[in-house]
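See below for the structure under consideration.
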Amino acid sequence: MLQRDLAAVLLIQQQCYSSDFQEPVEAFESKWTASPDTCWVAELGGEVCAYLVCLPIQGSQLPALHASDFRCAERADWLYVHDLAIGHTARGTGLASVLIQQAKVQRQGLGLQNMGLIAVQGSCMFWRKFGFEVDESERLVSADKLVTFGADAVFMLQRRQSGTAA
Ligand SMILES: CC(C)(COP(=O)(O)OP(=O)(O)OC[C@H]1O[C@@H](n2cnc3c(N)ncnc32)[C@H](O)[C@@H]1OP(=O)(O)O)[C@@H](O)C(=O)NCCC(=O)NCCS
């Protein structure tokens with residue numbers, strides 16, 4: 001993801017998320033600026049049509065939804081899959097798998113143990129296909145924090161050894 005991709009990324013976000021989940025451009029910029037190597041876009045026909053924003057996180061220091069002040073931790077230990085969105089025209093093309101695979105390679109490159117995410121908008125079954133499992137231990141995300149992502153938000157982890165389609 002490059003600075004010039006942000007306008008297209010915001011349009012895809014608008015298409016893909018209900019208003020509660022729409023992050024301001026400052027939120028994207030702070031995450032991308034702090035960790036450009038874990039943010040990607042995918043193109044079809046030269047147009048940006050999907051994106052994935054991941055963030056290296058230490059322990060339970062997950063950024064709040066819409067936070068515009070993200071800073072990378074000194075000793076990150078897991079990769080947070082913050083936001084995957086595939087624009088309508090690119091759904092079902094396999095780009096989701098390509099982007100998740102990219103994140104997995106980067107996770108390994110950074111020497112991080114696990115990848116985790118907060119599944120929203122009923123996406124839990126989608127993430128299961130890529131080896132993510134529901135984690136209710138509250139070790140990384142407390143129930144109080146989880147509920148700030150919506151009543152149906154679910155924390156999921158893909159452990160390093162987990163079998164995965166990604
Ligand atoms: C969720 C999302 C990324 C999936 O992208 P996609 O291009 O439709 O996904 P794919 O077609 O590559 O799907 C891969 C597999 O997951 C399945 N799948 C896709 N969306 C699903 C869903 N919501 N629930 C269950 N399974 C789903 C597909 O059927 C496919 O299964 P198969 O391999 O057995 O054929 C896309 O719908 C999206 O951007 N949604 C809006 C943003 C969002 O909610 N992101 C997740 C927030 S945590």
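Starting from 1, each residue takes its place in the sequence as its number. Order of listing sets the numbers, starting from 1, for every ligand and every atom in it.
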With heavy atoms of Met125 as the reference, note each atom of ligand 1 found under 4.0 Å away. 25 (C)

At a non-hydrogen distance cut-off of under 4.0 Å, which region of Asp83 contacts ligand 1 (side chain, backbone, both, or neither)? neither

Run Thr38 and Ser35 through side chain to side chain donor-acceptor pair (under 3.5 Å) and show every step you take. CA-CA 6 Å; Thr38 58; Ser35 187; 2.5 Å; yes

Minimum side-chain heavy-atom gap Gln14-Ile12 below 4.5 Å: no

Any idea which protein heavy atom is nearest atom 47 (C) of ligand 1, and the distance to it? Tyr17 OH, 3.5 Å

Heavy-atom proximity to atom 12 (O) of ligand 1, picking from Cys124, Ala96, Ser123, Gly122, points to Ala96

Among residues two or more places apart or on two chains, list those pairs meeting ring pair (Phe, Tyr, Trp, His ring centres under 6.0 Å) that have a residue in residues 23-69. Phe28-Tyr51

Contact bool for atom 34 (O) of ligand 1 (protein heavy atom, d < 4.0 Å): yes

Using a 6.0 Å cut-off, check whether atom CZ of Arg91 has over 12 heavy atoms from anything other than its own residue. yes

Ala143 backbone acceptor or donor facing Glu138 side chain under 3.5 Å: yes

Keeping Arg128 on the side-chain end and Glu133 on the backbone end, is there a donor-acceptor pair under 3.5 Å? no

Close side-chain approach of Leu140 to Trp78, heavy-atom, < 4.5 Å: yes

So the atoms of ligand 1 within less than 4.0 Å of a heavy atom of Ile118 turn out to be 48 (S)

Which ligand 1 atoms are under 4.0 Å away from a heavy-atom of Trp127? 48 (S)

So is Leu117 close enough to ligand 1, meaning a heavy atom under 4.0 angstrom away? no

Looking only at protein heavy atoms, identify the closest one to atom 5 (O) of ligand 1 and say how far it is in Å. Ile86 CG1, 3.6 Å

among protein heavy atoms, the one nearest atom 44 (O) of ligand 1 is Gln121 NE2, 3.0 Å

Please, which pairs that meet ring pair (Phe, Tyr, Trp, His ring centres under 6.0 Å) have at least one residue in residues 104-127, sequence neighbours excluded? Phe126-Phe130, Trp127-Phe132

Any Ser97 heavy atom less than 4.0 Å from ligand 1: no

Considering only non-hydrogen protein atoms, determine which one is nearest to atom 6 (P) of ligand 1 and report residue, atom name and distance to 0.1 Å. Gly92 N, 3.8 Å

Go through it in stages, so that I can follow the logic: the residues are Leu44 and Leu95, the test is side-chain contact (heavy atoms from CB on, under 4.5 Å), and I'd like the CA-CA distance, side-chain angles, deciding distance and then a yes or no. CA-CA 9 Å; Leu44 278 182; Leu95 284 179; 4.1 Å; yes

Taking Lys145 for the side chain and Leu62 for the main chain, is one N or O donor matched with an acceptor at less than 3.5 Å? yes

Pull out every atom of ligand 1 sitting under 4.0 Å from any heavy atom of Ala85, numbered as shown with elements. 39 (O)

Nearest to atom 16 (O) of ligand 1, what protein heavy atom do you find, and at what distance? Lys129 CD, 3.2 Å

Less than 4.0 Å from atom 8 (O) of ligand 1, is there any heavy atom belonging to the protein? yes

Which ligand 1 atoms does Cys16 reach within 4.0 Å, using its non-hydrogen atoms? 41 (C), 42 (C)

Are Ile100 and Leu84 close enough that some pair of their side-chain heavy atoms sits under 4.5 Å apart? yes

The closest protein heavy-atom partner of atom 45 (N) of ligand 1 is Leu84 O, 2.9 Å

Contact between Leu6 and Met1 at the side-chain level, heavy atoms closer than 4.5 Å - yes or no? yes

Quick test of your reading of the structure: of Arg91, His88, Met156, whose heavy atom lies closest to atom 37 (O) of ligand 1? Arg91

Considering only protein heavy atoms, which is closest to atom 4 (C) of ligand 1, and at what distance to one decimal place? Phe126 CE1, 3.6 Å

